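Notes to accompany the following structure.
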Amino acid sequence: MTVESTAAARKPRRSSGTKRAGAKTTPQPKASEPQLVQLLTPEGERVKNDEYDGFVADITPESLRGLYRDMVLTRRFDAEATSLQRQGELGLWASLLGQEAAQIGSGRALRDEDYVFPTYREHGVAWCRGVDPTNLLGMFRGVNHGGWDPKTNNFHLYTIVIGSQTLHATGYAMGVAKDGADSAVIAYFGDGASSQGDVAESFTFSAVYNAPVVFFCQNNQWAISEPTEKQMRVPLYQRAQGFGFPGVRVDGNDVLACLAVTRAALERARSGEGPMLVEAFTYRMGAHTTSDDPTKYRADEEREAWEAKDPILRLRAYLERESAADEAFFAALEKESEALGRRVREAVRAMPDPDHMAIFEHVYADGHALVDEERAQFAAYEASFADSGSDAGSVEEDK
């Protein structure tokens with residue numbers, strides 16, 4: 001497996017069907033193509049941008065190699081996790097394939113004191129925050145509820161409930177503002193979650209209280225099988241206007257642009273100017289999760305068009321164009337990628353089974369009589385299996 005490889009099954013788009021004769025259709029407004037912040041073209045050419053160039057002025061060839069390494073290793077980890085699920089080692093996996101630039105660019109824009117509220121797909125952001133990738137797999141294997149301490153890396157546990165983490169982020173940011181801390185909060189979500197009421201409430205409260213929060217939406221074009229045109233009538237980033245704060249659309253496959261735009265949004269939040277919505281316009285190259293088959297609802301041509309915008313190939317083209325990386329660098333990274341894959345496989349298979357009694361811990365801060373009663377009942381239930389085994393052994397001995 002090469003570090004840039006992707007796997008995809010393809011199937012032609014299904015027919016949309018025919019309209020009933022005589023049926024009337026409501027004309028839909030044709031929106032003009034929204035402006036997109038881009039610093040690297042899909043061919044790896046640098047684009048000047050007077051508004052955002054200053055936010056990446058400190059980027060050196062070494063920094064570029066670091067961003068490339070981040071994306072490659074994140075993709076390899078993600079591919080390994082997908083394979084492990086297919087082998088029955090994980091119950092489920094939500095792949096980030098194709099969204100590496102959005103996650104690495106925004107993740108590397110953060111300061112240590114900033115706080116992150118992810119969904120369940122932010123494996124690249126977790127990597128940037130120093131969370132061991134093997135810790136991400138415990139929840140998907142069913143052996144823990146997350147596997148890391150959020151306070152250690154200022155990276156909250158994965159949130160499965162769609163959109164609810166934006167409320168958590170807003171409340172946390174309101175607290176940060178009251179404390180007068182020089183930090184910001186970032187909440188990650190997808191285009192599908194943007195239709196949830198929790199997200200709208202978050203926008204309202206963050207605007208009213210001028211909370212230092214950045215809403216980072218990875219618009220990967222599909223909410224499972226629902227395309228964005230069935231979710232909204234205006235570009236997603238424009239929703240922020242209705243709540244009284246700015247929004248911006250960035251090329252989500254351009255790691256430099258994502259880094260610059262997120263740095264700008266975070267700086268704005270820290271300086272007391274309130275929330276901002278960043279829409280990273282990207283594409284989900286794989287399935288929504290390993291329980292999904294995207295060939296049933298999207299066309300080959302669409303995926304192929306986005307493959308030409310691959311974030312890793314884009315940055316590699318720029319590195320080669322600028323002579324910022326040589327073959328020795330790419331070869332060493334390939335070896336590092338293989339080593340990461342082996343470590344992930346070994347770590348997952350070595351994970352111990354969870355303590356069944358742990359489900360009763362941390363239900364109430366100070367304990368509860370009902371929980372104690374249920375714990376005792378469950379312990380007796382489990383012990384009955386051991387007793388049954390002993391009884392069976394005694395019967396065999398008596399024969």
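Reckoned from all heavy atoms, side chains included, excluding hydrogens, waters and symmetry mates. Everything numeric in this text was worked out from a predicted model, so none of it was measured.
Heavy atoms only, all atoms of each residue included: R121 and Y158 are closest at C-OH, 4.4 Å. Counting all heavy atoms, side chain and backbone alike, S106 lies closest to Q103 at OG-O, 3.2 Å. Nearest approach of M139 to G146, heavy atoms of both residues: CB-N, 4.1 Å.
The shortest side-chain heavy-atom distance between Y172 and H156 does not fall under the 4.5 Å cut-off. Considering only heavy atoms from C-beta on, R76 stays 4.5 Å or farther from E336 through its side chain.
A salt bridge is defined here as a Lys NZ or Arg NE, NH1 or NH2 lying under 4.0 Å from an Asp or Glu carboxylate O, and R375 with D372 meets this definition. R303 and E307 are joined by a salt bridge, as a carboxylate oxygen and a charged side-chain nitrogen come within less than 4.0 angstrom of each other. A salt bridge links D132 with R343; the closest basic N to acidic carboxylate O contact falls under 4.0 Å.
A distance below 6.0 Å separates the ring centres of F330 and Y68. For F155 and W127, the ring centers are positioned 6.0 Å apart or more.
For the side-chain contact (heavy atoms from CB on, under 4.5 Å) with R284, the lone residue among D191, D292, L96 that qualifies is D292.
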**OP:** Take D53 and R46, measure what salt bridge (Lys or Arg N to Asp or Glu O under 4.0 Å) needs, and give me the verdict at the end.
**Re:** CA-CA 10 Å; D53 278 347; R46 183 70 163 84; 3.1 Å; yes
Original post:
What do the steps show when you test V344 against L84 for side-chain contact (heavy atoms from CB on, under 4.5 Å), and what is the final call?
Top reply: CA-CA 9 Å; V344 168; L84 285 166; 3.9 Å; yes
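Using cut-offs of 30° and 60° on the angle between ring planes, the pair F216 and Y188 is tilted.
Heavy-atom neighbours of D179 CG from other residues, nucleotides or ligands within 6.0 Å: above the threshold of 12. Annotation: Y209, atom OH; neighbour count of heavy atoms from other residues, nucleotides and ligands within 6.0 Å does not exceed 12.
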